[in-house]
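Comments concern the structure below.
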Amino acid sequence: QVRLVEFGGGLVQAGGSLRLSCAVSGGTFSSYVMGWFRQAPGKEREFVGAIGWGGGATYYPESVKGRSTISKDNAKNTVYLQMNTLKPEDTAVYYCAAKMGTSTWYNPTGYIYWGQGTQVTVSS
């Protein structure tokens with residue numbers, strides 16, 4: 001059974017930084033594309049970024065490009081999301097997810113495993 005658990009959420013002031021971690025157990029971590037998504041109350045789940053199975057390729061949407069960095073440690077079965085210059089509109093529950101196959105990285109329907117989410121709140 002594959003399990004994803006996120007860590008590192010919390011309350012941070014605007015302009016601050018936060019690093020989220022996602023620990024994966026079960027499955028073959030090194031073969032997964034790992035994605036980060038977020039969902040604010042009343043809004044659809046939004047793609048935050050993803051990293052390829054080898055850790056060399058990343059993809060970010062314009063909303064976070066330049067402010068976020070995703071990294072992957074295959075030895076620790078963990079993926080990280082470093083977020084800088086946080087804004088109040090970054091407030092959401094953040095989820096990590098794992099996928100295989102060739103579906104597009106930004107589409108949440110292609111991800112087969114999901115964590116339970118961690119709350120990030122950015123105060124103004």
Side-chain angles (χ1 to χ4, degrees):
Q1 182 178 358
V2 179
R3 185 173 181 229
L4 283 65
V5 181
E6 299 95 339
F7 301 93
L11 175 64
V12 63
Q13 288 188 332
S17 298
L18 207 61
R19 188 174 85 153
L20 305 182
S21 303
C22 173
V24 180
S25 58
T28 308
F29 179 75
S30 60
S31 65
Y32 297 141
V33 170
M34 297 299 300
W36 284 95
F37 293 81
R38 65 187 181 187
Q39 189 164 20
K43 294 188 177 181
E44 293 186 354
R45 191 160 294 190
E46 178 188 12
F47 174 67
V48 179
I51 188 166
W53 61 269
T58 53
Y59 177 58
Y60 306 95
E62 287 300 320
S63 58
V64 301
K65 189 177 291 184
R67 300 191 296 123
S68 296
T69 302
I70 296 174
S71 57
K72 190 174 187 251
D73 188 336
N74 284 338
K76 295 183 177 180
N77 285 8
T78 301
V79 61
Y80 305 95
L81 172 64
Q82 175 71 42
M83 298 184 293
N84 303 317
T85 320
L86 285 163
K87 306 174 182 179
E89 51 263 44
D90 293 318
T91 295
V93 176
Y94 282 71
Y95 300 89
C96 67
K99 70 179 291 296
M100 299 176 71
T102 58
S103 60
T104 55
W105 289 10
Y106 56 80
N107 189 341
T109 62
Y111 290 79
I112 54 176
Y113 303 113
W114 289 83
Q116 82 290 346
T118 185
Q119 176 71 47
V120 172
T121 302
V122 183
S123 63
S124 57

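- When all heavy atoms are compared, the tightest approach of I70 to T58 is O-CG2, 3.8 Å.
- Closest approach of S17 to N84, counting heavy atoms only: OG-OD1, 3.0 Å.
- Applying the 6.0 Å contact sphere to CH2 of W114 captures more than 12 heavy atoms from other residues, nucleotides or ligands.
- Side chains of M34 and L4 form a contact here, defined as non-hydrogen atoms less than 4.5 Å apart.
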Test log, rule side chain to side chain contact (heavy atoms under 4.5 Å, CB included), inputs V122 and E89: CA-CA 8 Å; V122 183; E89 51 263 44; over 6 Å; no

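- Shown here for L18 and G10, the closest heavy-atom pair between the two residues is CD2-N, 4.2 Å.
- Contact detail for G110 and S103: the closest heavy-atom pair is CA-OG, 3.6 Å.
- At least one side-chain heavy atom of T69 sits under 4.5 Å from a side-chain heavy atom of Y60.
- Y106 and Y59 have tilted rings, their planes meeting at an angle from 30° to 60° on a 0 to 90° scale.
- Every pair passing salt bridge (Lys or Arg N to Asp or Glu O under 4.0 Å) that includes a residue from residues 29-38 is listed here, sequence neighbours excluded: R38-E46, R38-D90.
- For R19, there are no side-chain hydrogen bond (donor to acceptor under 3.5 Å, both in side chains) partners two or more places apart in sequence or in a different chain.
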Residue pair S68, L81: steps toward the side chain to side chain contact (heavy atoms under 4.5 Å, CB included) verdict: CA-CA 7 Å; S68 296; L81 172 64; 4.1 Å; yes

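- Between atom CG of residue L11 and atom CD of residue Q119 there is a gap of 9.5 Å, rounded to the nearest 0.5 Å.
- The main-chain N or O of W105 is found under 3.5 Å from a side-chain atom of Y111 such that the two form a donor-acceptor pair.
- Nearest approach of A40 to A92, heavy atoms of both residues: N-CB, 3.8 Å.
- You'll find the side chain of E6 stays beyond 4.5 Å of the side chain of Y94, heavy atoms only.
- Using a 4.5 Å cut-off on side-chain heavy atoms (C-beta onward), S71 and Q82 make no contact.
- The nearest pair of heavy atoms linking V12 to L86 is CG1-CD1, 3.5 Å.
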Candidate pair W53 and Y32, rule side chain to side chain contact (heavy atoms under 4.5 Å, CB included), full reasoning: CA-CA 5 Å; W53 61 269; Y32 297 141; 5.8 Å; no

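- Between V24 and Y113 there is no side-chain heavy-atom pair separated by less than 4.5 Å.
- Atom NZ of K65 is surrounded by more than 12 heavy atoms from other residues, nucleotides or ligands within 6.0 Å.
- F29 carries K72 over the face of its six-membered ring, with the cationic atom under 6.0 Å from the centre and within 45° of the normal.
- In this structure, M83 and R67 have side chains that are not in contact, with every pair of non-hydrogen atoms separated by 4.5 Å or more.
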